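Protein chains get the first letters and strands the later ones, always in sequence-line order, with residue 1 at the start of each. All figures in this text were calculated on a predicted structure; none of them were measured in a lab.
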Amino acid sequence: EVVNVFCWLCLHFQHAGGWEEERSTDGSKWRFLEHKGPVFAPPYEPLPDKVKFYYDGKLMKLAAPAEEVATFFAKMLDHEYTTKDVFRKNFFKDWRKEMTSEEKSKITDLNKCNFAGMNEYFKAQSEARKQMSKEEKQKIKEDNERILQEYGFCIMDNHKERIGNFRIEPPGLFRGRGDHPKMGMLKRRIRPEDIIINCSKDSKHPKPPPGTKWKEVRHDNKVTWLASWTENIQGSIKYIMLNPSSRIKGEKDWQKYETARRLKKCVDRIRNQYREDWKSKEMRIRQRAVALYFIDKLALRAGNEKEEGETADTVGCCSLRVEHINLYPKLDDQEYVVEFDFLGKDSIRYYNRIPVEKRVFKNLQLFLENKQPGDDLFDRLNTSILNKHLQELMDGLTAKVFRTYNASITLQQQLKELSCSDDSVPAKILSYNRANRAVAILCNHQRAPPKTFEKSMQNLQTKIDEKQKQLSAARKQLKARKAVQRIEEQLMKLQVQATDREENKQIALGTSKLNYLDPRISVAWCKKFGIPIEKIYNKTQREKFAWAIDMAEKDFEF
DNA sequence: GCGAGGACTTGGGCAAAATTAC
DNA sequence: GTAATTTTGCCCAAGTCCTCGC
C-alpha cells in the first residue's frame, strides 16, 4: 500500500505548485468510488436465565428490547454518571419507551431497580475474555483482520484507500462531555434502512444484509463520505469517511497548512489593521478587533452560537459572556490584566491571566458597561461577521487559520530556540517535545493526569537511583572508559525521560501534533538534526504525513 | 442576511495491543 | 511465560465553516 500512497503524491509533486490546476474546477472530489458498505453492530443476544434482574426486591424477566437497554445501564454501574440526576432521568424515560405495557406498569421507579446481577455477569464476561487461551485470542484477531480486509478499504480513483470508521456505532447510552443535558438518553440501533450509501454509478454497489434495504443509494461526488446516517440524540448526521492516510484527507491537510503559510505573509498587515480598529468610532468594529486580537494572541476558537439546552454550556471567543472575564487595572506588578475563566470545547476549562494593552483594556471596560453576567461580551459580533471580515483580509482566511498559523510558527520558533546540534539524541527529542508542549499549552490541550502517574514517576526514579549506584560502582572499580560512558548515557536517557514525563503530566501533545503543526516543520527538523523520523512520528502518523515526509527538505521554512 | 442543515476537522478518554519488566 | 506498563488506535462527541433555500 505504501506504493499506492506515493502514487498520488508523485503525481502532484511532479507538478509542484500545480495543485490548483489539477483539482477539478467543478468541486468534485472523485470520479470513481467503490466500497462494501459499513459493518453493523452485532445483534443483541439476550442474557442467560441465570442472570437476575430484580425490581423492588422481586425477580423479573425482561423482554429483549427492555433487557437490552437495561444492560447498557448495568454495564455503566461503576461510572459516576449513573448517579447523576440528569443521566438517570433521561435513561429512565428512554428505557420505559422500550418496555412492554406490562413492564411499563410495573417498573415506575429507577431507584427500585437492581442491576447488580447483570453488572456482575458482564464483569465475569470481560474477565473470561482476558483469560482466553492464546488460540482463542488468535482466532478473534484473524476474524477481525478478515473484516478489516473486506470492509476496511475502498477504491477511490484508481487507489485502494483505508476507510477511517467502517463500523456503525453500536447502540448505547449517550454520555456527552461536561454537564450535558442529554446524558443518559438512548442512542438507538442503526439499521440498513437508516443508511445512505454514496458510491459512483459505475461501481459495484454495496449489498445490504440479506432481507434488508438501504435507505438510499446516491452518487454524489461533491462529497467525500461513503455512507451516512442521522443519529437520534442531536439529530445530526454521522459519516463514514476515509482514513487520514488517504489522498483526499492528505490533500486537504496540505491545503490547510498552505493557507496558514499565506497568513504568515500578511499577518503583520492584519495585526496593524486590528490595532487601528481598536480606535474605531463604531462599536461593532472595535468588538471585532478585540475579538480578533484574542483569537490571534491566545489561540482561542471562533465560538459559534449554540442552541441553549441542547448541549453543554461552553463558549469560544465570539460567544464569551461577561461572566467569563475579569478586569484588573492592576494585579501584583502588572497593569491591565484580563482574567479568562470559561469552559471551552469538550468542557475543558480555559483559565488565563494576561496583561493586555491599555487600549484593549479600555475597550473591554466599554463592552462591559450596563451588562449582566449572562450577557454576551461581544454583543455586536458573531463568527459569521468575523469570518466575512477575515475573508476580505485574505482569501480563505477564517478564525481557525490563526490557531493553525500560531501553533505551527510557535513550533518552528521554539525548535530554533531549544535545539542544540551538540546534544545527544534523547536531549534533542526532549527539546522537540518541549517545543510541542509550548504549542499544546498555547492551544489549551489539557488531559487528566494519568491514574498511575505518581506510581509511574516513582518507578522511573527508582530506576534512576539504581543506575546512579551502578555508575559510581563502575567508576570505583575503574571499569573501562567505554563501559562507564555507556552507563552515563543510560542514566542521562532516564533523567531526560523523567523530566519529559513530569512536564507532560497535564498536557496532551497528540492533538496539536496531529492537527495544528505543519508536519514539514518536524520533518525538516529531523533532517537537520539527524533524528530518525520514527522517533517523532509513529507508523500511523507517518502514514498520515506521508506527503510531508516526501516533500520537506532540511531547509523547509513554514 | 439568515437560519437550518450538511460536511468536515478537532478533541479527550479509554480499551486493546505492544512492549518491557519480572 | 506472565504480569505490569506504555503506546496506539478507536470511539464518537463537539467543534468550525460552508451551502442552500428563502
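- Heavy atoms of A:R218 sit nowhere under 4.0 angstrom from any nucleic acid atom.
- Listed by residue number, the members of residues 225-240 of chain A with any heavy atom below 4.0 angstrom from DNA chain B are A:W225, A:I237, A:Y239.
- With hydrogens and angles left out, the side-chain atoms of A:D296 and A:Y274 include a donor and acceptor closer than 3.5 Å.
- You'll find the side chain of A:T314 stays beyond 4.5 Å of the side chain of A:F342, heavy atoms only.
- Electrostatic pairing of A:D253 and A:K249 does not count as a salt bridge here, judged by no charged N lying under 4.0 Å from a carboxylate O.
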One character per nucleotide, please: for nucleotides 2-8 of chain C, 5' to 3', B when the base has a protein heavy atom closer than 4.0 Å, S when only the sugar-phosphate does, - otherwise.
---SS-S
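- Shown are A:D375, A:D313, A:D376; of these, the salt bridge (Lys or Arg N to Asp or Glu O under 4.0 Å) with A:R321 is made only by A:D313.
- Residue contacts shown for A:K137 are absent, as no nucleic acid heavy atom lies under 4.0 Å away.
- From the 5' end on, the contacts that DNA chain B makes with chain A at under 4.0 Å to a non-hydrogen atom open and close at B:dG6 to B:dA21.
- A side chain to side chain contact (heavy atoms under 4.5 Å, CB included) with A:L494 holds for exactly one of A:I464, A:T499, A:D465; it is A:I464.
- Remark: A:N90 engages no residue in a side chain to side chain donor-acceptor pair (under 3.5 Å) (not counting sequence neighbours).
- As a whole-Å value, the separation of A:D313 CG from C:dA13 C1' is 17 Å.
- Distance alone, capped at 3.5 Å, places no donor-acceptor pair between the A:T82 side chain and the A:D78 backbone.
- Using a 4.0 Å heavy-atom criterion, one finds that A:P170 contacts the sugar-phosphate atoms exclusively.
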Sugar-phosphate means primed atoms, P, OP1 and OP2; the rest is base. With that split, encode nucleotides 15-22 of chain C 5' to 3' as B, S or - using protein heavy atoms under 4.0 Å.
SBBS----
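- In this structure, A:R447 reaches the sugar-phosphate backbone alone: every heavy-atom distance under 4.0 Å involves primed, P, OP1 or OP2 atoms, never a base.
- For A:H35 and A:F166, the ring centers sit 6.0 Å or farther from each other.
- Between the P atom of C:dC10 and the NZ atom of A:K544 lies a distance of 13 Å, rounded to the nearest Å.
- Applying the ring-ring contact (aromatic ring centres under 6.0 Å, His included) rule to A:F87 yields the partners A:Y81; only residues at least two apart in sequence or on another chain are considered.
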Carefully, step by step, assess A:E503 and A:R434 under the rule salt bridge (Lys or Arg N to Asp or Glu O under 4.0 Å).
CA-CA 8 Å; A:E503 289 177 2; A:R434 281 178 163 162; 2.6 Å; yes
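- Across all strands, A:K182 comes closer than 4.0 Å to no nucleic acid atom at all (heavy-atom distances).
- If you check every strand for non-hydrogen atoms under 4.0 Å, A:R403 touches sugar and phosphate atoms only.
- When the nearest nucleotides of DNA chain B are assigned to A:H79 and A:C443 by heavy-atom distance, the more 5′-ward of the two goes with A:C443.
- Mapping A:N144 and A:T224 onto DNA chain B via the closest heavy atom, the residue that lands nearer the 5' end is A:T224.
- Counting non-hydrogen atoms under 4.0 angstrom, A:L514 reaches nothing in the nucleic acid.
- A:Y516 has its side chain within reach of A:R403: a pair of non-hydrogen atoms, C-beta onward, lies under 4.5 Å apart.
- Ring centroids of A:F91 and A:F72 are separated by 6.0 Å or more, keeping the two rings apart.
- Side chain of A:S522 to backbone of A:D518: no donor-acceptor contact under 3.5 angstrom is found.
- Between the side chain of A:D341 and the backbone N or O of A:N352, no donor-acceptor pair lies under 3.5 Å.
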